[in-house]
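See structure below.
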2 protein chains.
Amino acid sequence: MAAQGRDFEGVNRWRISAPKDRVIYDEGEPASAFYQIETGCVRLQVNREDGRRQILAFLLPGDIFGVQCDPTRRVAAEAVVRTDMTCFHASLSQAGAFGSGAAVGMASALCDLASGFATHVMGLCHASAESRVRWFLGWAAAQGSISTGDDRLELPMSRRDIADFLGLTPETLSRTFSRLEALGEVEVQSARRLVLRSKRRPVKRRDGRRLDAA
Amino acid sequence: MAAQGRDFEGVNRWRISAPKDRVIYDEGEPASAFYQIETGCVRLQVNREDGRRQILAFLLPGDIFGVQCDPTRRVAAEAVVRTDMTCFHASLSQAGAFGSGAAVGMASALCDLASGFATHVMGLCHASAESRVRWFLGWAAAQGSISTGDDRLELPMSRRDIADFLGLTPETLSRTFSRLEALGEVEVQSARRLVLRSKRRPVKRRDGRRLDAA
DNA sequence: CGTGGGTTTGACTATACTCAACTACGGTGG
DNA sequence: CCACCGTAGTTGAGTATAGTCAAACCCACG
């Protein structure tokens with residue numbers, strides 16, 4: 001959804017590549033550039049003092065990240081898998097110097113980011129683990145670079161990544177995948193290779209239980 | 001935190017006022033304006049088909065909301081209490097016409113919004129109800145228009161609003177307030193009038209338990 | 001082919017949700 | 001000004017669900 005008609009004319013740029021788990025930028029660093037993913041996957045995350053980690057977003061090809069007002073990074077960006085991206089050397093405060101086009105482009109990227117966060121909040125508020133995982137699967141299925149054709153998912157991230165994204169423990173996540181597989185909603189070919197089975201979404205009741213459990 | 005140095009010169013504007021619970025805009029409506037709060041409080045929310053409601057953000061004086069790329073509203077905005085605001089008649093796609101200043105201003109507003117959402121995600125991922133409520137109290141204490149001086153909070157929103165914001169039931173929220181009161185961390189003078197008691201934050205361990213339970 | 005980390009499963013515990021009743025507050029009208 | 005009423009909030013009991021600790025499994029890598 002990101003990056004339609006945003007070329008950021010006049011902004012200095014170069015291509016960079018990051019191997020799996022490479023830190024692209026870390027919390028506390030000065031922010032002077034933003035990025036657009038070409039191939040791969042990036043996670044935005046906050047590392048808590050107690051060692052726990054919250055993943056705020058998974059970003060995929062086309063997505064722009066790193067645009068912000070604050071001069072220092074509040075969240076870290078790490079490559080989930082080997083990732084190629086374009087690095088634009090500009091901050092929002094200087095955006096005016098590049099003309100309104102660049103500013104609108106950056107605003108547009110922020111729009112997508114905010115929209116993704118909002119969707120994430122909505123996903124997290126599904127109380128049950130089952131709902132959260134269904135929501136995650138729906139999100140993944142809607143991403144072109146994850147969903148390879150007909151209901152076949154190729155996940156770039158680990159179970160722990162997903163757990164930290166959904167606010168669940170890896171154990172609960174794994175159990176939930178197993179339950180959904182038993183329900184026939186998904187086939188877990190391997191940890192990162194899934195096939196969605198339910199062609200049409202099951203009808204939900206007010207209490208969140210499925211009517212057509214099959 | 002919002003609205004520093006953003007005057008949106010040249011953008012047509014007018015002042016509007018909304019009584020408690022008035023819908024400012026609803027999901028599905030066309031988006032042609034954005035807003036800045038003068039006094040009061042606004043909630044951004046999504047109403048689910050099952051009747052449940054997720055509140056994505058509480059917005060306070062100075063905050064800007066309603067800036068988006070999408071031509072239709074994905075979330076609704078409602079006044080929590082009687083609210084006065086300025087309505088700016090401009091959308092992000094036309095922002096270029098007003099010069100880069102307006103575009104940067106709108107991007108800046110989006111930055112704040114995204115930042116708030118990100119903080120919200122982090123708050124929701126605190127597993128326990130106790131942590132979520134502590135996080136909410138911390139958020140409220142940091143808001144000038146809620147925190148009246150020394151650790152005294154005047155909440156504009158109801159328990160149900162807070163519950164829908166934190167992804168808890170009103171019962172659990174109420175119980176949690178009672179527990180925090182028993183722990184001496186907060187005094188619940190009335191439902192919307194709180195006094196924070198812990199001058200210094202209690203030290204936490206990796207497992208989230210307090211060391212200096214008192 | 002062997003090893004190791006990621007993943008899955010198991011048993012138990014802690015916590016939040018549900019349904020229900022009770023209470024307190026705020027607004028209205030006498 | 002006080003009494004009443006309705007709604008919001010609180011508390012209680014029982015149940016369902018996710019977390020914790022621990023061990024087994026399995027795939028991917030060397």
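Here the structure is a predicted model, which is why all the values come from computation and not from measurement. The chains referred to below are lettered A, B, ... by the order of the sequence lines, with proteins before strands, and numbering in each begins at 1.
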Worksheet entry | Which residues share a salt bridge (Lys or Arg N to Asp or Glu O under 4.0 Å) with B:Arg22, sequence neighbours left out | none
Discussion item. Nearest whole Å is fine: how far is C:dT15 P from B:Leu173 CG?
Written reply: 17 Å
Worksheet, complete the sentence: Rounded to whole Å, the CD-P distance (B:Glu171 to C:dC19) equals 10 Å
Worksheet item: Nearest to the side chain of B:Arg192, which nucleotide is it out of D:dG9, C:dT8, D:dT10?
Response: D:dG9
Discussion item. Using the side-chain heavy atoms of B:Leu168, tell me which of these nucleotides is nearest: C:dC17, D:dG9, D:dG19.
Written reply: C:dC17
Worksheet item: Whole-Å distance between D:dA18 P and A:Glu130 CD?
Response: 8 Å
Practice prompt. Under 4.0 Å between any heavy atoms, over every strand shown, what does B:Ser190 touch: base, sugar-phosphate, or nothing? Just pick one.
Written response: nothing
Fill in: Closest to side chain of A:Thr169, choosing from D:dT20, D:dT11, C:dT8
D:dT20
Practice prompt. Sequence neighbours left out, what passes salt bridge (Lys or Arg N to Asp or Glu O under 4.0 Å) with A:Glu29? Give chain and number order.
Written response: none
Worksheet item: Is there a side-chain contact between B:Glu181 and B:Glu187 (heavy atoms, below 4.5 Å)?
Response: yes
Discussion item. Are A:Gln45 and A:Asp164 packed together at the side-chain level, in the sense that at least one heavy-atom pair is separated by less than 4.5 angstrom?
Written reply: no
Fill in: Terminal axis angle for the helix from C:dC1-D:dG30 to C:dG30-D:dC1, five pairs an end, nearest 10 degrees
50°
Practice prompt. Mind running salt bridge (Lys or Arg N to Asp or Glu O under 4.0 Å) on A:Glu154 and A:Arg193 for me, showing each step along the way?
Written response: CA-CA 5 Å; A:Glu154 197 76 40; A:Arg193 194 182 206 87; 3.1 Å; yes
Worksheet item: Is there a residue in residues 160-167 of chain B whose heavy atoms reach under 4.0 Å of DNA chain D, and which residues are they?
Response: B:Arg160
Worksheet item: Roughly, in whole Å, what's the span from CZ in A:Arg132 to P in D:dA18?
Response: 9 Å
Worksheet item: Does the pair A:Glu171/A:Arg175 count as a salt bridge with the N-to-O cut at 4.0 Å?
Response: no
Discussion item. Could you tell me if the side chain of B:Phe136 sits less than 4.5 Å from the side chain of B:His120, heavy atoms only?
Written reply: no
Worksheet item: With sequence neighbours left out, which residue pairs that include part of residues 57-87 of chain A fulfil the ring pair (Phe, Tyr, Trp, His ring centres under 6.0 Å) condition?
Response: A:Tyr35-A:Phe65, A:Phe58-A:Phe165
Fill in: NZ or CZ of A:Arg6 within 45° of A:Phe88 ring axis and under 6.0 Å
no
Discussion item. I want to verify a distance call: between D:dT10, D:dA18, C:dG10, whose nearest atom is closest to the B:Arg159 side chain?
Written reply: D:dT10
Worksheet, complete the sentence: Which of C:dA16, D:dA18, C:dT9 is nearest the side chain of A:Thr172? It is D:dA18
Fill in: For A:Arg152, all residues meeting salt bridge (Lys or Arg N to Asp or Glu O under 4.0 Å), sequence neighbours excluded
none
Worksheet item: From D:dG12, C:dA16, D:dA18, pick the nucleotide closest to the side chain of B:Arg175?
Response: D:dG12
Practice prompt. May I have the distance from A:Lys20 (atom NZ) to C:dG5 (atom C1'), rounded to whole angstrom?
Written response: 11 Å
Discussion item. Can you measure A:Leu194 atom CG to C:dT8 atom C1' for me and round it to whole angstrom units?
Written reply: 15 Å
Worksheet, complete the sentence: Whole-Å distance, A:Met157 CE to C:dT7 P, equals 12 Å
Discussion item. How many whole angstroms separate atom CZ of B:Arg179 from atom P of D:dT11?
Written reply: 12 Å
